[in-house]
Amino acid sequence: MSVPTIEISAPLRIRLDGDALVGNWRWLDARSGSAACGAALKANGYGLGAREVAIRLADAGCRDFFVATWAEAQALLPVIDGAALSVLHGVRADDMAFAVGSRARPVLNTPEQVRRWREAGGGACDVMVDTGMNRLGVSVADVASGLLDGLEIETLMTHLASADEDLPVNGLQRDALTDLRGKTSARRLSVANSAGICLGDSYALDLTRPGIALYGGVPRMEAAGDIRQVVAIETQILQRRRVAAGDMVGYNGTFRATRAMELAILNLGYADGYLRCFSGTGYALAGGHELPVIGRVSMDLTAICIDTCSDLHEGDWVEIGYDLPDAAMRSGLSQYELLTGLGQRYARVWS
Ligand SMILES: *Cc1c(COP(=O)(O)O)cnc(C)c1O
């Protein structure tokens, strides 16, 4: 007997603004001058949904995408037919069966990965050079001594450790990469992430690799007026209740009412990435009112004060204050964490 599938709607959703996403990419592309402007899609497009992001950016003209792992690459290759895809973590032995013969390129990070790729006759690749961050990449000295000889390199890249700050190390890292121009087979050099693009023309080189700014993150204050918010979080009221003076609210009663109050209990909690650091500092929005979070955020639920909104009822939707720079300041989380932590329970609704 076949059981009919009933579509169950979610009581919380992320509204995603496709125009803002594409607008942010176009702005970063313009700021990249004559360099190509790519897009980092790792971690499921920073939590937004990598496929949906890829389709829109490929349509806008983006031709260089970046993911972290081969599983991410496998999921995206079918939707970005004409574009290049680079896998930032390179190739483990376990990746080779898929990677060799894949249209995606590994970004080789270690002498071991270089050896593995060369011995397999892997073909086109990218290479990460470490210029001071000491995270991933082969050393400048290894490149100078011929480690990369014979590889078919598309992009030679490095990653800036502090592009969101004005420090001499930014220029030193860039120069360490550009000093390698002509010393390998690389067709292109690339240094700039979102913040790096904002550092100025001299960081664009041949290819830029923005991530967070595509998704509404403001990587440096210069970009504040130009980057548009892409994500809006909305959730349904599960219960409306009145508390009396002296009542406590939520786990451990960290909030105790000093007067009678109207509360709404929301379908949203730390399992949805709305972490406990929003307790007492986050807010929701309805009818132009800011409605403060009351007491502790719990796993699936959050209380807000709705004294100012007599017309909010069980089942109504409210927006959560989630402007990324502001929410980062309030919560102490980074703009990256605010996006990548969003969970699986949301409906993701694109406009
Ligand atoms: C994630 C990542 C980017 C994108 O960085 P943003 O700060 O999000 O713009 C670029 N390059 C590399 C190597 C990365 O890992």
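Residue numbers count from 1 along this sequence. Indexing begins at 1, ligand by ligand and atom by atom, following the structure's order.
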Next item on the list: Flag yes if more than 12 heavy atoms outside Asp201 fall under 6.0 Å of its CG atom; otherwise flag no.
Entry: no

Check: Under a 4.0 Å heavy-atom limit, does Val107 contact ligand 1 with its side chain, its backbone, both, or neither?
Finding: neither

Note to self: I'd like to check whether Met128 has a polar contact with ligand 1, where a contact means an N/O of the residue lying under 3.5 Å from an N/O of the ligand.
What the structure shows: no

Notebook entry, point to check: Could a heavy atom of Arg135 be found less than 4.0 Å from some atom of ligand 1?
Noted result: yes

Check: What residue among Asp126, Asp206, Asp64 forms side-chain hydrogen bond (donor to acceptor under 3.5 Å, both in side chains) with Arg188?
Finding: Asp64

Notebook entry, point to check: Can you find a side-chain donor-acceptor pair between Ser334 and Glu337 that sits under 3.5 Å?
Noted result: yes

Notebook entry, point to check: Is it the side chain, the backbone, both or neither of His89 that has a heavy atom closer than 4.0 Å to ligand 1?
Noted result: neither

Checklist line | Pro210 and ligand 1 - part of the residue with a heavy-atom distance under 4.0 Å | finding: backbone

Checklist line | Salt-bridge criterion met for Lys42 and Glu72 (N-O under 4.0 Å) | finding: no

Check: Is any N or O atom of Ala40, backbone or side chain, closer than 3.5 Å to an N or O atom of ligand 1?
Finding: no

Margin query: Test salt bridge (Lys or Arg N to Asp or Glu O under 4.0 Å) on Arg220 and Asp166; report intermediate values, then the result.
Written below: CA-CA 10 Å; Arg220 290 176 55 96; Asp166 290 309; 2.7 Å; yes

Check: Under a heavy-atom criterion of less than 4.0 Å, does Ala213 contact ligand 1?
Finding: no

Next item on the list: Kindly say whether Gly211 contributes a backbone atom to a donor-acceptor pair with the side chain of Ser194 at under 3.5 angstrom?
Entry: yes

Note to self: Taking only non-hydrogen atoms of Phe66, do any sit less than 4.0 angstrom from ligand 1?
What the structure shows: no

Checklist line | Proximity winner for atom 15 (O) of ligand 1, if only heavy atoms of Lys42, His159, Met157 are counted | finding: Lys42

